[in-house]
S.K.: 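Mind looking over this structure? Questions follow.
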2 protein chains.
Amino acid sequence: MENTTYQKWLAQLRKGYLELCVLTVLKQKESSYGFEILQTLEQAGLPINEGTLYPLLNRMFKNGWLTSHWVTPSEGGHPRRHYQLSDDGAELLPSMLDTFQNNQQALDKLRDLK
Amino acid sequence: MENTTYQKWLAQLRKGYLELCVLTVLKQKESSYGFEILQTLEQAGLPINEGTLYPLLNRMFKNGWLTSHWVTPSEGGHPRRHYQLSDDGAELLPSMLDTFQNNQQALDKLRDLK
DNA sequence: ACAGAATACTATGCAATGCAAAGTATTATT
DNA sequence: AATAATACTTTGCATTGCATAGTATTCTGT
C-alpha cells in the first residue's frame, strides 16, 4: 500500500537494465531460449515476468541484436525458440556494460558530494 | 544512424536511476533547486535535459518524496524552487540504493555464468 | 542602450518498456 | 482424467526520458 510508488519505481529501474542482462546471459551461454533465460535470471536474483521477457527478446531480435531459430528437443517436449548474439549484439554489449558502470561511478561521485 | 536503437536504450536505462541520483544529491546538499541539480549531475558525468529534470522533481514532490519552497535570492536573480528530502524520501533512499547495488551484483553473477 | 547569453522554471506530446492478464499448446506426473 | 510444468504469444495500461516551445529575469559585451 504505502509502497506502491516504490514498486512502480522498481519496474522503471529495470528498463534498459534487463536488455543488458539478457545480452550477458546469451554471451555466456552462447545460445538459450526464453524459458531457460527466465530461470537463469531468477537464479541470479532477478525474477521477471514472462510478459516482460518474451516481448523483450522479440524487440532485441527486431533490433538486430539477436539471431533466432526454432529447436525441437530430441528428447521430446515443446519446441523452443533459441536466441544467440548477433554480430551487432556482440559489439553493443561492451558499450552497454561501460555505460552501466559509468552510471555506478556517477552515483558514487554524487554520494561523495561536498 | 546505426546507433539509434542504442541511443534509445540509453534513455531507457536512465529511468528510475535518475530518481535515485536526485535523491542522493538532495541528501548530500540538504537543499537544492532545479538548475543547480542539473549542473551537479552534469559534473558527475550525467548531463540531462531540462525537460527531463523539472517534471521529475515535480513527480517526486507529488509522490511525497520531497518538500519544496520558493526562495528569492538576496543577491537578486530569478526566484528558485528549492527542494529537500521529505521523511518518506529519506526512508526510501537506502532501499533504492540497495536495489541498485543488488542489480549490480546480479549482473556480476550473470557475467560469471558457467 | 541594446542584443544575446545565462539563469530558472513550466507545459505539451511522443516513444519506449515493464508488467498484469489471458490465451494457446505440449508433455509429464499423479 | 486432472493437474502441473514447460514454452511461447498477444493486448492494454501506466510510467518516464526527451524534444520542443514558451515565459521571465539578470548579466555581459559592444
Side-chain angles (χ1 to χ4, degrees), chain A residues 4-22 31-42 46-63 65-66 68-83 99 103, chain B residues 4-23 31-42 46-63 65-66 68-83 96 99 103:
Chain A
T4 307
T5 62
Y6 182 68
Q7 299 297 330
K8 288 176 189 169
W9 174 79
L10 282 175
Q12 294 299 322
L13 188 66
R14 288 185 163 176
K15 295 190 178 180
Y17 169 66
L18 284 185
E19 266 131 348
L20 177 52
C21 289
V22 169
S31 179
S32 189
Y33 58 98
F35 200 83
E36 191 184 44
I37 296 173
L38 221 46
Q39 293 175 318
T40 304
L41 293 179
E42 191 171 12
L46 277 174
I48 68 168
N49 205 291
E50 274 185 291
T52 298
L53 182 65
Y54 288 112
L56 178 87
L57 287 168
N58 238 296
R59 285 196 305 271
M60 293 171 74
F61 176 70
K62 282 182 191 156
N63 285 346
W65 301 352
L66 308 181
S68 153
H69 59 105
W70 284 91
V71 174
T72 306
S74 53
E75 69 273 19
H78 202 286
R80 300 161 175 168
R81 188 170 176 183
H82 271 250
Y83 292 94
T99 301
N103 278 2
Chain B
T4 307
T5 61
Y6 183 68
Q7 299 297 329
K8 288 177 189 169
W9 175 80
L10 282 175
Q12 294 298 323
L13 188 65
R14 288 184 162 174
K15 295 194 177 180
Y17 169 66
L18 284 185
E19 267 131 349
L20 177 52
C21 290
V22 170
L23 287 179
S31 179
S32 188
Y33 58 98
F35 201 81
E36 192 184 44
I37 295 173
L38 221 45
Q39 293 176 318
T40 304
L41 292 179
E42 191 170 11
L46 276 175
I48 68 167
N49 205 291
E50 274 186 290
T52 298
L53 182 64
Y54 288 112
L56 178 87
L57 287 168
N58 238 295
R59 284 197 306 270
M60 292 171 74
F61 177 70
K62 282 182 192 156
N63 284 348
W65 301 351
L66 308 180
S68 151
H69 59 106
W70 284 91
V71 174
T72 305
S74 53
E75 68 274 20
H78 202 287
R80 297 162 177 168
R81 188 169 175 183
H82 271 250
Y83 292 93
M96 286 180 163
T99 301
N103 278 2

S.K.: In this structure, how many angstroms lie between the P atom of C:dA15 and the CD atom of B:Gln7, rounded?
M.R.: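 Rounding to the nearest Å, CD of B:Gln7 and P of C:dA15 are 17 Å apart.
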S.K.: Reckon B:Leu56 touches a base, only the sugar-phosphate, or nothing at all at heavy-atom distances under 4.0 Å?
M.R.: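 The residue B:Leu56 makes sugar-phosphate contact but no base contact.
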S.K.: Take the protein atom CG of B:Leu53 and the nucleotide atom C1' of C:dA11, then report the distance between them rounded to whole Å.
M.R.: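 One finds 15 Å between C1' of C:dA11 and CG of B:Leu53, rounded.
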S.K.: Could you tell me which residues satisfy side-chain hydrogen bond (donor to acceptor under 3.5 Å, both in side chains) with B:Thr40, sequence neighbours excluded, listed by chain and number?
M.R.: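 Result, side-chain hydrogen bond (donor to acceptor under 3.5 Å, both in side chains) vs B:Thr40: none returned.
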S.K.: What residues, two or more places apart in sequence or in another chain, satisfy side-chain hydrogen bond (donor to acceptor under 3.5 Å, both in side chains) together with B:Ser68?
M.R.: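 By the side-chain hydrogen bond (donor to acceptor under 3.5 Å, both in side chains) rule, B:Ser68 matches B:Arg81.
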S.K.: First and last nucleotide of DNA chain D touching chain B, 5' to 3', heavy-atom cut-off 4.0 Å?
M.R.: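 Counting from the 5' end, contacts occupy D:dT16 to D:dT26.
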S.K.: In whole Å, I'd like the distance from the CG atom of A:Asn63 to the C1' atom of C:dA15.
M.R.: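 So the two atoms are 13 Å apart, to the nearest Å.
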S.K.: Test A:Ser31 against every option in A:Glu36, A:His82, A:His69 by the side-chain hydrogen bond (donor to acceptor under 3.5 Å, both in side chains) rule and name the one that passes.
M.R.: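 Going through the options one by one, the only one that passes is A:His82.
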S.K.: Do A:Trp65 side-chain atoms and A:Met60 backbone N/O form a donor-acceptor pair below 3.5 Å?
M.R.: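 Side chain of A:Trp65 to backbone of A:Met60, a donor-acceptor pair under 3.5 Å: no, none is there.
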S.K.: For A:Pro55, report the nucleic acid contact type (base, sugar-phosphate, nothing); a contact means any heavy atom under 4.0 Å.
M.R.: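 Base: the residue A:Pro55, judged by heavy atoms under 4.0 Å, touches a nucleobase.
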S.K.: Mind running a 4.0 Å heavy-atom check of residues 12-19 of chain B against DNA chain C and sending the residues that fall below it, in number order?
M.R.: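 Residues of residues 12-19 of chain B under 4.0 Å from DNA chain C: B:Gln12, B:Lys15.
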S.K.: Given A:Tyr33 and A:Leu57, is the side-chain contact (heavy atoms from CB on, under 4.5 Å) satisfied, shown in steps?
M.R.: CA-CA 9 Å; A:Tyr33 58 98; A:Leu57 287 168; over 6 Å; no
S.K.: Any side-chain N or O of B:Tyr54 below 4.0 angstrom from OP1/OP2 of C:dC9?
M.R.: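 Yes, because at least one side-chain N or O of B:Tyr54 sits under 4.0 Å from OP1 or OP2 of C:dC9.
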S.K.: Between C:dA16 atom C1' and B:Tyr6 atom OH, what is the distance in whole Å?
M.R.: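 Spelled out: OH on B:Tyr6 to C1' on C:dA16 is 17 Å.
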S.K.: Please name the pair of heavy atoms, one in B:Pro73 and one in B:Pro79, separated by the smallest distance, quoted to 0.1 Å.
M.R.: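 Answer, listing the atom of B:Pro73 first, then B:Pro79: CD-CA, 4.1 Å.
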S.K.: Under 3.5 Å, side chain of A:Asn49 to main-chain N/O of A:Gly51, donor-acceptor pair present?
M.R.: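 Yes; judged by distance alone, with no hydrogens or angles, the pair exists.
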S.K.: Can you name the ring-ring contact (aromatic ring centres under 6.0 Å, His included) partners of B:Tyr83, sequence neighbours left out?
M.R.: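 For B:Tyr83, no residue satisfies ring-ring contact (aromatic ring centres under 6.0 Å, His included) once neighbours in sequence are set aside.
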S.K.: Would you find a donor on one side and an acceptor on the other, under 3.5 Å apart, between the side chain of A:Tyr17 and the backbone of B:Asn103?
M.R.: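 Pair found, side chain donor or acceptor close to backbone of B:Asn103.
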S.K.: State whether B:Arg80 places a side-chain N or O below 4.0 Å from either non-bridging phosphate oxygen (OP1 or OP2) of C:dT7.
M.R.: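 For C:dT7, neither OP1 nor OP2 has a side-chain N or O of B:Arg80 closer than 4.0 Å.
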S.K.: May I have the distance from B:Leu57 (atom CG) to C:dA8 (atom P), rounded to whole angstrom?
M.R.: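 My rounded result for the distance is 14 Å.
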S.K.: Between A:Trp9 and A:Tyr83, just flag the one whose closest nucleotide in DNA chain D comes earlier from the 5' side.
M.R.: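 Nearest-nucleotide comparison on DNA chain D picks A:Tyr83.
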S.K.: Is B:Met96 close to A:Tyr6 at the side-chain level, that is, under 4.5 Å between some pair of heavy atoms?
M.R.: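 Yes, at least one pair of side-chain atoms sits under 4.5 Å.
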S.K.: Kindly check if the number of other-residue, nucleotide or ligand heavy atoms within 6.0 Å of CD (B:Gln39) is above 12?
M.R.: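 Atom CD in B:Gln39 is crowded, with more than 12 foreign heavy atoms closer than 6.0 Å.
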S.K.: Under 3.5 Å between N/O atoms: give me all the protein pairs with nucleotides 21-30 of chain C, atom names plus distance.
M.R.:
none

